[in-house]
Amino acid sequence: QVRLVESGGGLVQAGGSLRLSCAASGRILSINDMGWYRQAPGKQRELVATITSSGTTDYADSVKGRFTIFRDNAKNTVYLQMNNLKAEETAVYYCNARVLTAISPWSDYWGQGTQVTVSS
């Protein structure tokens, strides 16, 4: 099957930066859209940013101008560069990818999540 592994989370002060990474592995034939979502305690999971296989990006209004999503298709990896982080952006960040494998049709996969804590 497909495995998505996130890394790069941690503790940072407000105004600081972090870069998240998410690497997909398995019997992958192709990856379509990839994205980052986050879920704060007591809140629903929300979209942060997405990127298509050709590089078209979309962002939540709250992160525009501060976050950048990009991907390395050769490495099946998506990144999220987060600058000027705010305390209210403390959450578990999840990677998502739509993947075609040798044995499964196009399906959505999720990583296990990485904690981002922004101290004020």
Side-chain angles (χ1 to χ4, degrees):
Q1 280 288 29
V2 174
R3 186 180 182 205
L4 301 181
V5 178
E6 299 113 331
S7 60
L11 174 64
V12 65
Q13 288 188 332
S17 298
L18 282 175
R19 178 177 291 186
L20 306 182
S21 300
C22 171
S25 62
R27 299 177 64 181
I28 297 170
L29 295 179
S30 184
I31 302 178
N32 197 344
D33 293 357
M34 302 184 83
W36 289 95
Y37 294 73
R38 65 189 178 192
Q39 187 167 17
K43 295 187 176 181
Q44 289 188 332
R45 189 173 297 187
E46 63 175 359
L47 171 70
V48 177
T50 60
I51 184 168
T52 67
S53 57
S54 59
T56 301
T57 59
D58 190 29
Y59 297 92
D61 288 343
S62 61
V63 307
K64 286 180 181 177
R66 298 185 298 117
F67 289 15
T68 302
I69 187 170
F70 56 102
R71 62 193 283 174
D72 184 335
N73 290 331
K75 296 181 179 180
N76 290 336
T77 299
V78 63
Y79 305 89
L80 184 68
Q81 177 66 42
M82 305 185 292
N83 298 329
N84 193 18
L85 281 159
K86 304 176 181 180
E88 56 266 34
E89 292 178 314
T90 294
V92 178
Y93 284 69
Y94 296 91
C95 171
N96 171 269
R98 189 158 182 81
V99 181
L100 177 68
T101 73
I103 57 173
S104 299
W106 287 104
S107 301
D108 286 324
Y109 296 88
W110 291 89
Q112 81 286 352
T114 185
Q115 177 70 45
V116 171
T117 301
V118 185
S119 63
S120 57

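Positions are given from 1 along the sequence. Only a predicted model underlies this, so the values are computations on that prediction, with no experimental measurement involved. All values below were derived from every heavy atom in this structure, side-chain atoms included, with hydrogens, water molecules and symmetry-related copies excluded.
The nearest pair of heavy atoms linking R71 to I51 is NH1-O, 3.3 Å. Of all heavy-atom pairs between L4 and C22, the closest is CB-SG, 3.9 Å. Closest non-hydrogen pair, L47 versus A60, comes out as O-CB, 3.5 Å. Nearest approach of G113 to E6, heavy atoms of both residues: N-OE1, 2.7 Å. Here the shortest heavy-atom pairing between S120 and A14 reads CA-CB, 4.3 Å.
In this structure, N76 and I28 have side chains that are in contact, with non-hydrogen atoms separated by less than 4.5 Å. Considering only heavy atoms from C-beta on, Y79 stays 4.5 Å or farther from T68 through its side chain. Proximity of Q1 to S104: side-chain heavy atoms (C-beta onward) are separated by under 4.5 Å at one or more points. Between C95 and W36, the closest side-chain pair of non-hydrogen atoms falls below 4.5 Å. D108 places a side-chain heavy atom less than 4.5 Å from the side chain of N96.
Without hydrogens or angle criteria, N73 side chain to S53 main chain gives a donor-acceptor distance under 3.5 Å.
Note on R98 versus D33: no salt bridge recorded, every NZ/NE/NH1/NH2 to OD/OE distance being 4.0 Å or above. We find that R66 and E89 are joined by a salt bridge, their nearest charged nitrogen and carboxylate oxygen being less than 4.0 Å apart.
Under a hydrophobic clustering in which Ile, Leu, Val, Met, Phe, Trp and Tyr are joined whenever their side-chain heavy atoms come within less than 4.5 Å, directly or via other members, I69 and M82 fall into the same cluster. Residues L85 and V92 fall into different hydrophobic clusters, defined by Ile, Leu, Val, Met, Phe, Trp and Tyr side chains chained together at heavy-atom separations under 4.5 Å. Under a hydrophobic-cluster definition in which Ile, Leu, Val, Met, Phe, Trp and Tyr are linked whenever side-chain heavy atoms come within less than 4.5 Å, directly or via other members, V63 and Y37 are assigned to different clusters. Under the 4.5 Å side-chain contact rule for hydrophobic residues, V48 and V12 share a cluster. Criterion: ILVMFWY side-chain heavy atoms under 4.5 Å apart, direct or through other members. Under it, I31 and V2 are part of a common hydrophobic cluster.
Here the OG-CG distance, from S30 to L100, works out to 6.0 Å after rounding to the nearest 0.5 Å. Taking CD from E88 and OG from S62, the interatomic distance works out to 9.0 Å, rounded to the nearest 0.5 Å. Atom CG of L20 and atom CZ of F67 lie 8.5 Å apart (nearest 0.5 Å). In this structure, NZ on K75 lies 15.0 Å from OG on S25, to the nearest 0.5 angstrom. Within the model, atoms CE of M34 and CG of L80 stand 12.0 Å from one another, a figure rounded to the nearest 0.5 Å.
Geometrically, R45 engages Y94 in a cation-pi contact defined by less than 6.0 Å to the ring centre and at most 45° from the axis.
With no hydrogens or angles considered, no side-chain donor-acceptor pair links T50 and D58 at under 3.5 Å.
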